[in-house]
Protein chains: 2
Amino acid sequence: MANLKLTPDETKAWMGLIKAQQHLTDKVEDELKKNGLPPYSWYDVLLELDKAPDGSLRLNDLGKKVLLNKYNVTRLIDRLEKEGLVSRDACPVDGRGKVACITPKGRMLRQKMWPVYYSVIKEHFLSQFSTGQLGQFIECIDRINSQFKN
Amino acid sequence: MANLKLTPDETKAWMGLIKAQQHLTDKVEDELKKNGLPPYSWYDVLLELDKAPDGSLRLNDLGKKVLLNKYNVTRLIDRLEKEGLVSRDACPVDGRGKVACITPKGRMLRQKMWPVYYSVIKEHFLSQFSTGQLGQFIECIDRINSQFKN
DNA sequence: TCTTATTGGTTGCATATGCAACTATAATAT
DNA sequence: ATATTATAGTTGCATATGCAACCAATAAGA
């Protein structure tokens, strides 16, 4: 059994990350709501679809991109479909599959959400970095994330 | 109206942060579950209470520390109370207030959760930093968080 | 003091999420 | 080909969260 203790710096780094992300995403949700816009999760999938060729992705692949498990993808797509932001079509190459396809209305909503989202990123996140720091930060973050690619 | 564009690096930093934190907290929840332990949110409040003098805090203050709004604090404390991990007492100095007080059972549970939590932090977070980087990282994160201290 | 506004906390109802079971199709094995 | 197993997606039920309304007590104003 190992030491089981974190140094003060280690604690600061970890707790800091948790709280930072919580503050930031709270702020994003807050601003979206204040502007009468849907939650961030909607933006997240609309963006992935918007970027995808043909504006469509299989639910499964979409789930991996936005880090949602399958039942939550199903239901999120339910809601978006109900609002006419995506359509849900049969997958041509796999009889089990479904693809979500972003509609023009969906693309427009994403565009409308972006400025609000953008301003939070700019004001509360990017503004806190000096020029060199951003690169450093990316390096750390990438290392962490690379563990989770598969 | 400004530019509304992020550079590739800015995007990487932001999206990286979001995904990193999502991966890491998913992993924490995962490991806790795998070990038959309650969710992270329980740990978070048990820790704050454990650190507090007398092991107790006003619900309101607790909420600020764990970044939960009041109704969620009420309900989280409901659940912890039901399990005998905290008691909910009247606040001596304010007739409106309530304090949550951690029980011995609560302290023990926190201790039991710690190694599981610790190992995720160690293995998936700290292990990714070279020595100098941690300090850099803290600096960035602190800047971000300092905006939100009221 | 008496009235009004604020604050701390709780609750009902609507929505969102987790879990396990289920259907249908596809991939693998014999 | 047939049987088995795995994968994609959905659904019912239980739990958790958000929102607005609420109660009770303190604080602020006239």
Side-chain angles (χ1 to χ4, degrees), chain A residues 22 25-45 48-49 56-83 85-101 150, chain B residues 22 25-45 48-49 56-83 85-101 150:
Chain A
Q22 229 165 327
T25 57
D26 282 1
K27 189 71 188 166
V28 170
E29 295 293 0
D30 227 58
E31 290 297 321
L32 288 172
K33 211 165 297 175
K34 227 184 282 183
N35 288 80
L37 293 165
Y40 171 72
S41 56
W42 290 33
Y43 184 87
D44 208 6
V45 336
E48 291 300 338
L49 292 176
S56 66
L57 284 172
R58 295 207 34 185
L59 296 198
N60 202 12
D61 301 332
L62 180 59
K64 281 175 198 150
K65 284 183 193 287
V66 301
L67 306 187
L68 280 181
N69 35 24
K70 46 188 189 164
Y71 43 88
N72 281 324
V73 173
T74 294
R75 281 152 173 169
L76 187 41
I77 293 298
D78 282 349
R79 287 170 237 149
L80 298 182
E81 196 183 17
K82 196 170 301 174
E83 299 294 326
L85 302 166
V86 308
S87 64
R88 191 200 247 107
D89 310 310
C91 175
V93 302
D94 183 339
R96 297 165 295 183
K98 296 280 170 65
V99 298
C101 182
N150 298 20
Chain B
Q22 229 165 326
T25 58
D26 282 1
K27 190 72 187 162
V28 170
E29 295 293 0
D30 227 58
E31 289 298 322
L32 288 171
K33 212 166 296 176
K34 226 184 282 183
N35 288 80
L37 293 165
Y40 170 71
S41 55
W42 290 33
Y43 184 88
D44 207 6
V45 336
E48 291 299 340
L49 292 176
S56 64
L57 283 172
R58 299 217 18 196
L59 297 199
N60 201 11
D61 301 333
L62 179 58
K64 280 175 198 153
K65 284 184 194 287
V66 301
L67 305 188
L68 280 182
N69 35 24
K70 46 189 188 163
Y71 44 88
N72 281 325
V73 173
T74 294
R75 280 153 176 168
L76 187 42
I77 293 299
D78 282 349
R79 287 169 237 150
L80 298 182
E81 195 183 18
K82 197 170 300 175
E83 299 295 326
L85 302 165
V86 308
S87 64
R88 190 200 246 106
D89 310 309
C91 174
V93 302
D94 184 339
R96 296 165 297 184
K98 295 281 171 63
V99 297
C101 183
N150 292 22

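Labels below follow one simple rule: chain letters A, B, ... track the order of the sequence lines, proteins then strands, and each chain is numbered from 1.
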request  = Measure the CH2-CD distance between B:W42 and B:E83 for me, rounded to the nearest 0.5 Å.
outcome  =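 It is 4.5 Å, given to the nearest 0.5 Å.
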
request  = To the nearest 0.5 angstrom, please state how far the CZ atom of B:R75 sits from the OG atom of B:S41.
outcome  = 14.0 Å

Can you tell me the distance, in whole Å, between the [atom1] atom of [X] and the [atom2] atom of [N]?
| X | N | atom1 | atom2 | result |
| --- | --- | --- | --- | --- |
| A:L59 | D:dT11 | CG | C1' | 15 Å |
| A:D89 | D:dG9 | CG | P | 13 Å |
| A:E29 | C:dT15 | CD | C1' | 14 Å |
| A:K82 | C:dT15 | NZ | C1' | 11 Å |

Residue pairs, two or more places apart or on separate chains, that pass salt bridge (charged side-chain N to carboxylate O under 4.0 Å, His left out) and touch residues 28-39 of chain B =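 For residues 28-39 of chain B, and leaving out neighbouring residues, the salt bridge (charged side-chain N to carboxylate O under 4.0 Å, His left out) pairs sorted by first residue read B:K27-B:E31, B:E31-B:K34.
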
Summary of salt bridge (charged side-chain N to carboxylate O under 4.0 Å, His left out) pairs that have at least one residue in residues 35-44 of chain A, sequence neighbours excluded = A:D44-B:K19

ask   = Has B:T74 got a side-chain N or O lying under 4.0 Å from the OP1 or OP2 atom of C:dG9?
value = no

ask   = Who pairs with A:Y40 by ring pair (Phe, Tyr, Trp, His ring centres under 6.0 Å), at least two apart in sequence or on another chain?
value =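 Residues passing ring pair (Phe, Tyr, Trp, His ring centres under 6.0 Å) with A:Y40: A:Y117.
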
task = Please name all residues satisfying side-chain contact (heavy atoms from CB on, under 4.5 Å) with B:D26, sequence neighbours left out, ordered by chain then number.
result =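 Listed in chain order: nothing, the list is empty.
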
query = Of all residues at least two apart in sequence or in a different chain, which pass the side-chain hydrogen bond (donor to acceptor under 3.5 Å, both in side chains) check with B:S87?
reply =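 Testing B:S87 for side-chain hydrogen bond (donor to acceptor under 3.5 Å, both in side chains), a comparison that skips the adjacent residues, returns B:D89.
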
key: Test side-chain hydrogen bond (donor to acceptor under 3.5 Å, both in side chains) applied to B:N72 - qualifying residues, sequence neighbours left out   = B:N69

message = B:E81: which residues meet the salt bridge (Lys or Arg N to Asp or Glu O under 4.0 Å) condition with it, sequence neighbours left out?
response = B:R88

ask   = So which one's nearest nucleotide on DNA chain D is more toward 5', A:D78 or A:G97?
value =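 It is A:G97 whose nearest nucleotide is closer to the 5' end.
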
May I have the list of side-chain donor-acceptor pairs in residues 56-63 of chain A shorter than 3.5 Å, sequence neighbours left out?
none

Name the pairs: protein N/O against N/O of nucleotides 16-23 of chain D, kept only if under 3.5 Å.
{"unit_1": "D:dT17", "atom_1": "OP2", "unit_2": "B:R79", "atom_2": "NH1", "d": "3.4"}
{"unit_1": "D:dT17", "atom_1": "OP2", "unit_2": "B:R79", "atom_2": "NH2", "d": "3.2"}
{"unit_1": "D:dG18", "atom_1": "OP2", "unit_2": "B:N72", "atom_2": "ND2", "d": "2.3"}
{"unit_1": "D:dG18", "atom_1": "O6", "unit_2": "B:R75", "atom_2": "NH1", "d": "3.1"}
{"unit_1": "D:dG18", "atom_1": "O6", "unit_2": "B:R75", "atom_2": "NH2", "d": "3.2"}
{"unit_1": "D:dC19", "atom_1": "OP1", "unit_2": "A:K33", "atom_2": "NZ", "d": "2.6"}

Distances under 3.5 Å only, N/O to N/O: pair up the protein atoms with those of nucleotides 24-28 of chain D.
{"unit_1": "D:dT26", "atom_1": "OP1", "unit_2": "B:G95", "atom_2": "N", "d": "3.0"}

ask   = Has the side chain of A:D94 got a donor or acceptor atom that lies under 3.5 Å from a matching backbone atom of A:R96?
value = yes

Polar pairs (N or O, both sides) under 3.5 Å between protein and nucleotides 2-5 of chain C?
none

